[in-house]
Number of protein chains: 2
Amino acid sequence: MRDVDLERVRALPLFSDCSDDTFRTLTAGAFLQRFPAGTTLLLEGDPVDFLYVLLDGVVELEGTWNDKETTLAILRPVSTFILAAVVLDADGLMSARTVERSDILMLSGAAMRRVMSEDARFAVAVAQEMAGCYRGLVRSLKNQKLRGGLERLANYLITQRLRQGGEPTFALPTEKRMLASLLGMTPENLSRSLAALADYGVEVNGPSVTITRPAVLERLAKPDPLIDNHQPVSGGVTGKAQRERWPQGDDRTHAA
Amino acid sequence: MRDVDLERVRALPLFSDCSDDTFRTLTAGAFLQRFPAGTTLLLEGDPVDFLYVLLDGVVELEGTWNDKETTLAILRPVSTFILAAVVLDADGLMSARTVERSDILMLSGAAMRRVMSEDARFAVAVAQEMAGCYRGLVRSLKNQKLRGGLERLANYLITQRLRQGGEPTFALPTEKRMLASLLGMTPENLSRSLAALADYGVEVNGPSVTITRPAVLERLAKPDPLIDNHQPVSGGVTGKAQRERWPQGDDRTHAA
DNA sequence: CGGCGAATTGACGGACGTCAACTGCTGTGG
DNA sequence: CCACAGCAGTTGACGTCCGTCAATTCGCCG
């Protein structure tokens with residue numbers, strides 16, 4: 001395993017604060033693996049033996065019931081997933097699939113649990129990570145229950161624009177069918193909703209979206225700091241005025 | 001504060017494993033307070049200074065957006081809430097309201113955070129609690145996105161019956177309007193859905209519900225261990241056969 | 001060049017929200 | 001003690017949003 005990758009893992013909030021000993025123990029038994037697109041890493045209901053760390057690529061977390069499935073999160077590097085199942089040594093509640101070819105680090109779940117009780121700082125970091133994930137899900141649930149499809153889409157676009165640097169035009173991060181599932185609608189309906197947003201200054205061209213009149217779109221979307229987590233991604237420059245309106249700094253995007 | 005109450009708090013998974021020192025530190029600065037029904041304990045977006053422990057009564061957690069509100073959880077004793085905000089020292093993402101007169105223990109959030117980094121066992125317990133809450137929310141989100149209103153209701157009734165001891169007739173734990181909000185529907189629609197379940201052997205009389213043909217109702221509901229957390233509540237006796245079908249033992253019902 | 005799957009569009013139906021009227025219960029004040 | 005206001009719950013009518021089915025186009029990869 002390359003030092004570069006090790007550095008990137010060490011830089012994660014989850015690991016940045018633990019002792020060198022702890023970090024060595026965790027990474028000693030770990031292995032880095034490259035998966036092709038479309039690989040199922042973990043099946044809903046199966047026991048979870050590893051903590052996964054996505055270093056490169058894209059991973060989808062999905063849930064199933066009665067032959068229907070829904071996307072619960074779309075992960076990009078660097079993020080960890082299925083932490084909750086690891087902490088509790090329980091079966092996974094969702095499946096994990098690579099969307100593109102992905103480099104994934106796998107850390108022994110047993111080692112994680114062992115090390116937690118020895119390194120309080122690490123245990124605290126795990127608790128904080130879990131808390132951030134929890135809050136991400138609270139946001140998702142409010143988003144789902146309180147907003148209609150069009151509003152969810154509008155807010156999603158606003159969030160994406162900010163996450164990708166704030167330029168008026170940006171690219172959708174995945175296939176539209178997956179995006180539809182994430183937003184809790186059918187692909188057909190996403191298509192129609194995107195068309196409907198033309199009236200609000202949204203131009204769509206394949207995966208490329210440009211927001212020509214942000215103010216108009218915002219009046220429809222009514223974004224809310226208690227639902228939409230507009231934290232800028234690494235490299236994003238956040239203006240002072242904006243930081244004041246969106247004071248949250250915590251919250252992971254998700255991750256089980 | 002009475003010893004009886006202290007014992008009950010100490011018995012919670014969150015506190016059962018920490019050192020006496022830790023527990024004393026936490027409870028030293030704590031106070032037990034009795035609130036009348038309908039009291040807002042915490043407003044969405046406000047900073048959170050305390051970890052709340054519900055010792056008696058009923059508390060509702062709710063979220064708001066655009067003049068609409070939705071119930072995210074209904075808590076009964078003994079449970080903690082807004083742990084996530086305390087761990088991250090962040091603003092609450094949901095409001096908390098007493099539904100009935102409630103006895104609530106309030107623990108200093110600052111003390112919680114301080115003590116976590118000193119007592120690894122406690123930090124682990126916090127991480128586990130957060131993980132359980134997280135998984136509860138994953139279930140909620142799947143429930144919301146994958147099932148229709150009637151199916152959510154049917155599963156809710158099945159879960160309630162099991163939680164209350166498995167008798168064919170049991171009582172709804174709250175007003176129907178709040179239940180409707182929890183299930184993500186309007187009161188009118190809950191009313192209609194309950195009526196519709198008559199065909200599946202459900203008899204409703206005010207707050208009292210009796211399930212006359214469980215098998216028929218289950219065929220509609222299709223309960224799933226990866227969504228419905230049928231863990232029996234204290235005192236509930238779980239048969240062996242059932243334990244095998246529902247092997248989960250973890251997961252808190254929710255709690256922020 | 002042919003085929004498959006993603007995306008779009010239209011037509012249709014069902015589920016769910018909204019509005020309104022009515023019932024029954026409870027607590028309050030004359 | 002009764003009248004009445006107020007609210008939870010129910011029921012009906014209606015409209016809208018959204019899912020389903022089908023047909024078509026487009027781009028990509030074999």
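Hydrogens, waters and symmetry mates are skipped; everything else that's a heavy atom, side chains included, is used. Residue numbering restarts at 1 for every chain, and letters A, B, ... go by the order of the sequence lines. Worth saying up front: this structure is predicted, and the values here are computed from it rather than measured.
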Whole-Å distance separating the [atom1] atom of [X] from the [atom2] atom of [N]:
| X | N | atom1 | atom2 | value |
| --- | --- | --- | --- | --- |
| L150(B) | dG19(D) | CG | C1' | 17 Å |
| L183(B) | dC16(C) | CG | C1' | 14 Å |
| Q144(B) | dC16(C) | CD | P | 11 Å |
| K68(B) | dC17(D) | NZ | P | 12 Å |
| K145(B) | dG19(D) | NZ | C1' | 15 Å |
| N205(B) | dC25(C) | CG | P | 11 Å |

Taking all non-hydrogen atoms of both residues, which atom of [X] and which atom of [Y] are closest, and how far apart?
| X | Y | result |
| --- | --- | --- |
| L42(B) | M94(B) | CD2-O, 3.8 Å |
| G92(A) | V48(A) | N-CG2, 3.6 Å |
| L83(A) | M130(A) | CD1-SD, 3.6 Å |

Exercise for review: Taking only the side-chain nitrogens and oxygens of T186(B), find out if one of them lies under 4.0 Å from OP1 or OP2 of dG17(C).
Suggested key: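 Indeed, a polar side-chain atom of T186(B) lies that close.
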
Atom pairs, N/O to N/O, protein against nucleotides 27-30 of chain D, distance under 3.5 Å?
none

Would you list the atom pairs, donor with acceptor, under 3.5 Å between side chains in residues 190-204 of chain B and any protein atom, with sequence neighbours excluded?
{"unit_1": "S193(B)", "atom_1": "OG", "unit_2": "N189(B)", "atom_2": "O", "d": "2.9"}

Exercise for review: Check salt bridge (Lys or Arg N to Asp or Glu O under 4.0 Å) between R161(B) and all other residues, then give those that pass, not counting sequence neighbours.
Suggested key: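 Partners of R161(B) under the salt bridge (Lys or Arg N to Asp or Glu O under 4.0 Å) test: none.
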
Point to revise | Listed once per pair and sorted, the side-chain hydrogen bond (donor to acceptor under 3.5 Å, both in side chains) pairs that draw on residues 167-177 of chain A, sequence neighbours left out | key: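 Matches after skipping sequence neighbours: none remain.
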
**Study point:** Minimum side-chain heavy-atom gap T39(A)-R101(A) below 4.5 Å
**Key:**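 Heavy-atom side-chain distance check fails, nothing below 4.5 Å.
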
Quick one: which protein N/O atoms are closer than 3.5 Å to N/O atoms of nucleotides 5-15 of chain C? Pair and distance per line, please.
{"unit_1": "dA7(C)", "atom_1": "OP1", "unit_2": "K176(A)", "atom_2": "N", "d": "2.8"}
{"unit_1": "dA7(C)", "atom_1": "OP2", "unit_2": "R177(A)", "atom_2": "N", "d": "3.0"}
{"unit_1": "dT8(C)", "atom_1": "OP1", "unit_2": "K176(A)", "atom_2": "NZ", "d": "2.8"}
{"unit_1": "dT8(C)", "atom_1": "OP2", "unit_2": "S191(A)", "atom_2": "OG", "d": "2.8"}
{"unit_1": "dT8(C)", "atom_1": "O5'", "unit_2": "S191(A)", "atom_2": "OG", "d": "2.9"}
{"unit_1": "dG10(C)", "atom_1": "N7", "unit_2": "R192(A)", "atom_2": "NH1", "d": "3.1"}

Compile the donor-acceptor pairs under 3.5 Å between side chains in residues 50-70 of chain B and protein atoms, sequence neighbours left out, one pair per line.
{"unit_1": "E60(B)", "atom_1": "OE1", "unit_2": "R97(B)", "atom_2": "NH1", "d": "2.3"}
{"unit_1": "E60(B)", "atom_1": "OE2", "unit_2": "T71(B)", "atom_2": "OG1", "d": "2.6"}
{"unit_1": "T64(B)", "atom_1": "OG1", "unit_2": "E44(B)", "atom_2": "OE1", "d": "3.2"}
{"unit_1": "W65(B)", "atom_1": "NE1", "unit_2": "K222(A)", "atom_2": "O", "d": "2.8"}
{"unit_1": "T70(B)", "atom_1": "OG1", "unit_2": "K145(A)", "atom_2": "NZ", "d": "3.1"}
{"unit_1": "T70(B)", "atom_1": "OG1", "unit_2": "S181(B)", "atom_2": "O", "d": "3.4"}

